[in-house]
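I have placed the structure first, in the form of structure tokens, so that the comments after it can refer back to it.
Chain identifiers are assigned alphabetically (A, B, ...) following the order of the sequence lines, protein sequences preceding nucleic acid strands; residue numbering begins at 1 within each chain. Everything numeric here is computed off the predicted structure, so don't read it as measured data.
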2 protein chains.
Amino acid sequence: MSPKTQKKTKKQIIQEAAVRLFRDKGYSATSMRDLADAVNLKASSLYNHISSKEEILKDICFENAHRFLDGMKEVESLPGTPAEKVEALLRLHIRAATGDAASVMAFNDEWRHLAEPLLSEFMALRRDYERRFMAILKSGMQSGQIQDMEPVVALHTLFSSMRWLYDWFQPGKKLSSEKVEEDMVRMVMKGLVK
Amino acid sequence: MSPKTQKKTKKQIIQEAAVRLFRDKGYSATSMRDLADAVNLKASSLYNHISSKEEILKDICFENAHRFLDGMKEVESLPGTPAEKVEALLRLHIRAATGDAASVMAFNDEWRHLAEPLLSEFMALRRDYERRFMAILKSGMQSGQIQDMEPVVALHTLFSSMRWLYDWFQPGKKLSSEKVEEDMVRMVMKGLVK
């Protein structure tokens, strides 16, 4: 499912450098020149790989949106209780954040800089994903498997608990991504189910 | 404890406008001129209230750091089990985020733009807070009250679960901040304790 074990493409390397610049300088203040310097290319060579920072942002946002929507479609089509479906989606979020931190970070934070009509298109995908996640939570509450609470609070507490992972988890250090996934899933699912 | 029921001072209004600009344009791209426009002041009048955007960022970061450290000191000095202490700190985080969203948002995201020596000073306060929070979690694990897991995973999952509150919770709408606090505390504490 993850392409992370393969060698990184030039485009991935450029995306990752772009995201670090967006974080450190802000999206608006980042120039193509900064980006060329960060990946040790001349500006003229950079344009062989990417036409603008807007294109990088668009790619990151829509690739991630479709990654999560594809995961949602798969989970919806499987048999399983609502809690099992929530757990499968949690694992998808955690693996995305631990395996592809740079891209998930931009997806979380920088989508506000998309220009129209991309911004509206992106927000519609996001709302669709949230609506379908919420439907699974509600069906779990109705069947008595998931704690009775405001569904929107449950949804956002779940999302938030995983959203900052890219910021504190450093792959390749003492703590493995498998251990993080195991502990987080256990803690979050115990909080959610009755 | 919260000054939010009082009328906002000019400085608070400027801080809130600054934080919205930092979010929308990025800290680096925000100018004092943008800020003056946002609060309907002439640049010359703005300087009566605030000397630079660096000063605004410094105030926001250090005021919040001390708010959390004061809360920690109070919690540490009280009797109570580790789980009760964690719950009290959760409530502090949630109230800060629901009551003072703008300032907590900048505290979360924008501290990276502090200049030295402020940056190191701020990071030391942050590490001190995290170290003390972690000590409470570990003592709860040792006494068997809190689930056995990597303490650093528990710590960051707790912090993260509350960190995006400013982004999705809108005060004054249908969902009250009391209901959000009640549901979040119940969900998160159930996930944490044995």
Side-chain angles (χ1 to χ4, degrees), chain A residues 20-31 34 90 93-94 97 105 108-110 112-113 130 146-170 173-177 179-194, chain B residues 20-31 34 90 93-94 97 105 108-110 112-113 130 146-170 173-177 179-194:
Chain A
R20 281 193 298 275
L21 285 167
F22 296 166
R23 184 192 62 195
D24 295 340
K25 295 176 67 107
Y27 176 79
S28 311
T30 298
S31 67
D34 297 326
L90 282 183
H93 281 249
I94 296 170
M105 174 167 63
N108 283 339
D109 291 331
E110 306 293 350
R112 286 184 180 83
H113 298 288
E130 291 185 359
I146 290 178
Q147 283 208 73
D148 195 32
M149 57 192 292
E150 281 292 337
V152 72
V153 176
L155 181 80
H156 287 293
T157 303
L158 287 179
F159 283 2
S160 302
S161 68
M162 295 167 296
R163 219 168 162 179
W164 231 278
L165 244 175
Y166 66 76
D167 195 65
W168 68 265
F169 176 68
Q170 305 204 302
K173 296 224 170 162
K174 205 180 60 179
L175 185 61
S176 71
S177 56
K179 175 67 172 155
V180 170
E181 181 177 328
E182 182 198 319
D183 281 355
M184 282 190 73
V185 166
R186 195 156 50 100
M187 174 172 169
V188 172
M189 290 308 299
K190 183 170 182 295
L192 200 62
V193 299
K194 266 192 184 165
Chain B
R20 281 192 299 274
L21 285 168
F22 296 166
R23 186 191 61 193
D24 295 340
K25 294 177 67 105
Y27 176 79
S28 310
T30 298
S31 67
D34 297 328
L90 283 183
H93 281 250
I94 296 169
M105 175 167 61
N108 282 339
D109 290 332
E110 306 292 352
R112 286 186 181 83
H113 298 288
E130 291 185 359
I146 290 177
Q147 283 207 72
D148 194 33
M149 58 191 292
E150 281 292 338
V152 72
V153 177
L155 181 79
H156 287 292
T157 304
L158 287 178
F159 283 2
S160 301
S161 68
M162 296 166 295
R163 220 167 160 182
W164 229 278
L165 246 175
Y166 66 76
D167 195 66
W168 67 266
F169 176 67
Q170 305 204 302
K173 296 225 168 160
K174 204 180 61 178
L175 185 61
S176 72
S177 57
K179 175 66 172 154
V180 170
E181 181 177 329
E182 181 198 320
D183 281 356
M184 282 190 72
V185 166
R186 195 156 50 100
M187 174 172 168
V188 173
M189 290 308 299
K190 183 169 181 296
L192 200 63
V193 299
K194 268 194 184 166

(message) Please check: side-chain N/O of A:S161 versus main-chain N/O of A:L158, any donor-acceptor pairing under 3.5 Å?
(response) yes
(message) Out of A:M189, A:M184, A:M149, return the one with the most heavy atom pairs under 4.5 angstrom to chain B.
(response) A:M149
Can you tell which part of [X] gets under 4.5 Å to a heavy atom of chain B, answering side chain, backbone, both or neither?
X: A:K174; value: neither
X: A:E150; value: both
X: A:R112; value: side chain

(message) As a test of understanding, state which of B:F159, B:Y166, B:W164 forms a ring-ring contact (aromatic ring centres under 6.0 Å, His included) with B:H93.
(response) B:F159
(message) Does the plane of the ring in B:F22 sit parallel, tilted or perpendicular to the ring in B:Y27? Use 30° and 60° as the thresholds.
(response) perpendicular
(message) I'd like to know which of B:V188, B:L175, B:L192 tops the heavy-atom pair count under 4.5 Å against chain A.
(response) B:L175
(request) Give, for atom OG of B:S28 and atom NE2 of B:H113, the distance between the pair rounded to the nearest 0.5 Å. (result) 5.0 Å
(message) Would you compute the distance between atom CE of A:M162 and atom CD of A:E181 and round it to the nearest 0.5 angstrom?
(response) 11.0 Å
